[in-house]
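All chains are named by letter (A, B, ...) in the order of the sequence lines, taking the proteins before the strands, and each is independently numbered beginning at 1.
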Amino acid sequence: MLVFTRRRNEAIIVADGIEIRVLRVSRDAVRLGVTAPADVPVHRQEIYEQIREENCRAAQPVSSLSDALSRVRVARGTGES
Amino acid sequence: MTHTDAQSTPTRVDTAFGTFHVAARDIIAFPSGMPGFEQCRRFVLLSSDELAPFQCLQSVEGPAASFLVIDPRRALPDYRCSLSDVDRLRLGGGEDDALLWASIVTVQADQTLVNLRAPVVINPALMVGYQLMPSNSLYPLRFELTRVF
């Protein structure tokens, strides 16, 4: 792992056109600004991890379509609540 | 249309929900894969009477990945997820109205869950898709599906 010391308003550059800048530093948090091309995904790690876990759970081999179908009731018209 | 139809012999795709034959023009590019399935860059969206109201989003490249999906508006009729400019750019621009939305379904022993927070969005004009990852969505990652609209 590369380790840098950066002060407020200093940045690092990753590859071409990705800039990560320290905007604010407080006691236990750092506010970062990321500038990246539109095709470079940038996410908070925990959000990415949550979605990854949910995708992996969803992609389990399922033979349970009938379970899913039997559980959902198709609402017809607007009369039902 | 710049597709060449020379290689469009239907490809056989075996899924847990049956066998489908898909043509090259049915393949949807996912340039960044999906979280957990980053190597899967090409998918097809399969529909059948047996699957309805669900569809199957199935990888045709990389590790086998097969998702049951549903239009989020069939789970919540007033579902509205806004796209950022970056999202639109990744989807190749075009009208929002033309986009296809597919929320991933997780079938568990006792309940069926729908990921309304991170829907898959597909631009059918360009056959490109990706999974949105909004950091401030109001919708749950695990919405229990009990009825379909």
Quiz item: What are the two closest heavy atoms between A:Ile47 and B:Pro134, and how far apart are they?
Solution: CG2-O, 4.4 Å
Practice problem: State plainly whether one hydrophobic cluster holds both B:Val86 and B:Leu132, where clusters connect Ile, Leu, Val, Met, Phe, Trp and Tyr through side-chain heavy atoms under 4.5 angstrom apart. | Solution: no
Quiz item: Do B:Met133 and A:Arg44 have side chains that get closer than 4.5 Å, going by heavy atoms?
Solution: no
Quiz prompt | Shortest non-hydrogen contact between B:Arg90 and A:Val40, atoms and distance | solution = NH2-O, 3.1 Å
Quiz item: When you look at A:Glu54 and B:Arg117, which way does the side-chain contact (heavy atoms from CB on, under 4.5 Å) test go after all the steps?
Solution: CA-CA 11 Å; A:Glu54 202 55 33; B:Arg117 180 169 303 166; over 6 Å; no
Exercise. Could you pull out the closest heavy-atom pair between B:Gly36 and A:Cys56, with the gap in Å?
Key: CA-SG, 4.3 Å
Quiz prompt | Verdict with supporting geometry, A:Ile51 and B:Gln131, side-chain contact (heavy atoms from CB on, under 4.5 Å) | solution = CA-CA 9 Å; A:Ile51 293 167; B:Gln131 189 170 13; 3.6 Å; yes
Quiz prompt | B:Phe67 to A:Ala59 - nearest heavy-atom pair and separation | solution = CE2-CB, 3.6 Å
Self-check item: A:Arg52 vs B:Met34, side-chain contact (heavy atoms from CB on, under 4.5 Å): CA-CA, chis, key distance, verdict
Solution: CA-CA 8 Å; A:Arg52 191 183 63 76; B:Met34 302 219 298; over 6 Å; no
Quiz item: Are B:Leu141 and B:Val105 co-members of a hydrophobic cluster defined by side-chain heavy atoms under 4.5 Å apart?
Solution: no
Quiz prompt | Atom CZ of B:Arg73 with >12 non-hydrogen neighbours under 6.0 angstrom | solution = yes
Quiz item: So which part of A:Gln50 gets closer than 4.5 Å to some heavy atom of chain B, the side chain, the backbone, both or neither?
Solution: both
Quiz item: Is the count of non-hydrogen atoms from other residues, nucleotides or ligands lying under 6.0 Å from B:Asp85 atom CG greater than 12?
Solution: no
Quiz item: Do you know which two heavy atoms are closest between B:Pro35 and A:Tyr48, and how far apart they sit?
Solution: CA-OH, 3.5 Å
